[in-house]
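These notes are about the structure you will find just below.
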Protein chains: 2
Amino acid sequence: MTDYLRKEVKNKLINGDYSCAKEFTLSMFSGKWKIVILYHLGIDGIYRFGELKRLLPQASNKMLTKQLREMEADGIISRTIYPEIPVRVDYSITDLGQSLIPIIVAMYEWGEERLKSMKQDVKFSINEEAIK
Amino acid sequence: MTDYLRKEVKNKLINGDYSCAKEFTLSMFSGKWKIVILYHLGIDGIYRFGELKRLLPQASNKMLTKQLREMEADGIISRTIYPEIPVRVDYSITDLGQSLIPIIVAMYEWGEERLKSMKQDVKFSINEEAIK
DNA sequence: CCGCATCCATGTCGATACTG
DNA sequence: CAGTATCGACATGGATGCGG
């Protein structure tokens, strides 16, 4: 829903509907590859376009570019072009982007916990099967 | 991207790729209306289907139902049917869903702050215009 | 090397009408 | 009341090829 969400939130903001603060935050990193890119840039540091591509082999050029451009427009990452030949482009997180990292870390931890307890449940049901 | 995200994450989980904990968490509330519904159920308490509809006038039956069913399947909300006539259905948040509320509150607060400083920037540029 | 442009299959969402 | 069914418009994302 990402593009849709971005458009919706923009419309709401234009129409003065400021009751959508959480949707606004969500629209920052809810996009294909966005949360992963942001996490890497926040934790690891600077990446070049090609490095991100290798990091996300499933992402097409088109999608990767789109996500990066949107995050740049939102001010959470920055893009630096070095007009060498061949061209070189660096991506890094901004201070604003960095301020989102705690939330993403919280999401990471929640996910880890949840996955752990889901594995537990699987073990339990296997044991129950064994008892029968 | 929501449905896509859900499918992707499910596939990743099936394939034993447990390195996607944040995407997994994201898939819990990244869906049309999900974060708003979850927030209301978490803060206000129980809602009936019709009440949610009135709360989200833009949401169609189809979408509202879909989002509620998915969140139920994910175990973050629960659905109770009272076989009266006419039928009555209550939706409430589960303990698991409640454990997501701090993250959503953090997102709400980040959004509020961000919107505030964006308004500030608008004021600044208006003042600059006035100075000229 | 880092993209953008185009085409096309698929997916998503709204509107409307109908049911137990 | 609380949904389901169906149809059609629209958007999304993958593949490919081109360009500075």
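This structure is a prediction, so every number in the text was calculated from the model and none was measured. Within every chain, numbering begins at 1; the chains are lettered A, B, ... in the order of the sequence lines, protein sequences first and strands thereafter.
A heavy-atom distance below 4.5 Å is not found between the side chains of B:Trp110 and A:Lys22.
Ionic pairing of B:Glu51 and B:Arg48 is not present here: no N-O contact between side-chain nitrogen and carboxylate oxygen is shorter than 4.0 angstrom.
Within the 4.0 Å cut-off from OP1 or OP2 of D:dG3, not a single side-chain nitrogen or oxygen of B:Arg88 is found. For D:dA11, the OP1/OP2 oxygens have no side-chain nitrogen or oxygen of A:Arg6 closer than 4.0 Å.
Rounded to an integer number of Å, the gap from A:Gln67 CD to D:dG13 C1' is 10 Å. Computed from coordinates, the B:Asn61 CG to D:dT4 P distance equals 9 Å when rounded to whole Å. B:Leu56 has its CG atom 14 Å from the P atom of D:dA2, to the nearest Å. The NZ atom of A:Lys66 sits 14 Å away from the C1' atom of C:dC4 (whole-angstrom rounding). Rounded to whole Å, atom P of C:dC2 lies 12 Å from atom CZ of A:Arg69. In this structure, CD1 of A:Ile81 is placed 7 Å from P of C:dG3, rounded to the nearest angstrom. Separating the CD atom of A:Gln58 from the C1' atom of D:dT12 is a distance of 18 Å, rounded to the nearest angstrom. A straight line from CZ of A:Arg48 to C1' of C:dC1 spans 7 Å, rounded to a whole angstrom.
Using a 3.5 Å distance cut-off with no hydrogens or angles, the side chains of B:Thr94 and B:Ser78 do not pair a donor with an acceptor.
Between B:Tyr47 and B:His40, the ring planes lie perpendicular to each other; the angle is over 60°, past the 30° to 60° tilted range.
Under a 3.5 Å cut-off, the side chain of A:Ser117 and the backbone N or O of A:Arg114 do form a donor-acceptor pair.
Between B:Ser60 and A:Tyr91, the residue anchored nearer the 5' end of DNA chain C, judged by the nucleotide with its closest heavy atom, is A:Tyr91.
In this structure, B:Val87 reaches the bases: a heavy-atom distance under 4.0 Å links it to at least one base atom across the strands shown. Within 4.0 Å of B:Lys53, counting heavy atoms only, lies no atom of the nucleic acid at all.
Nearest nucleotide to the side chain of A:Met63, out of D:dG3, D:dG14, C:dA15: D:dG14. The nucleotide whose nearest atom lies closest to any side-chain atom of B:Lys62 is, among C:dC7, C:dC1, C:dA15, C:dA15.
In the interface, the side chain of A:Lys32 is not paired with the base of D:dG13 through any donor and acceptor atom under 3.5 Å apart.
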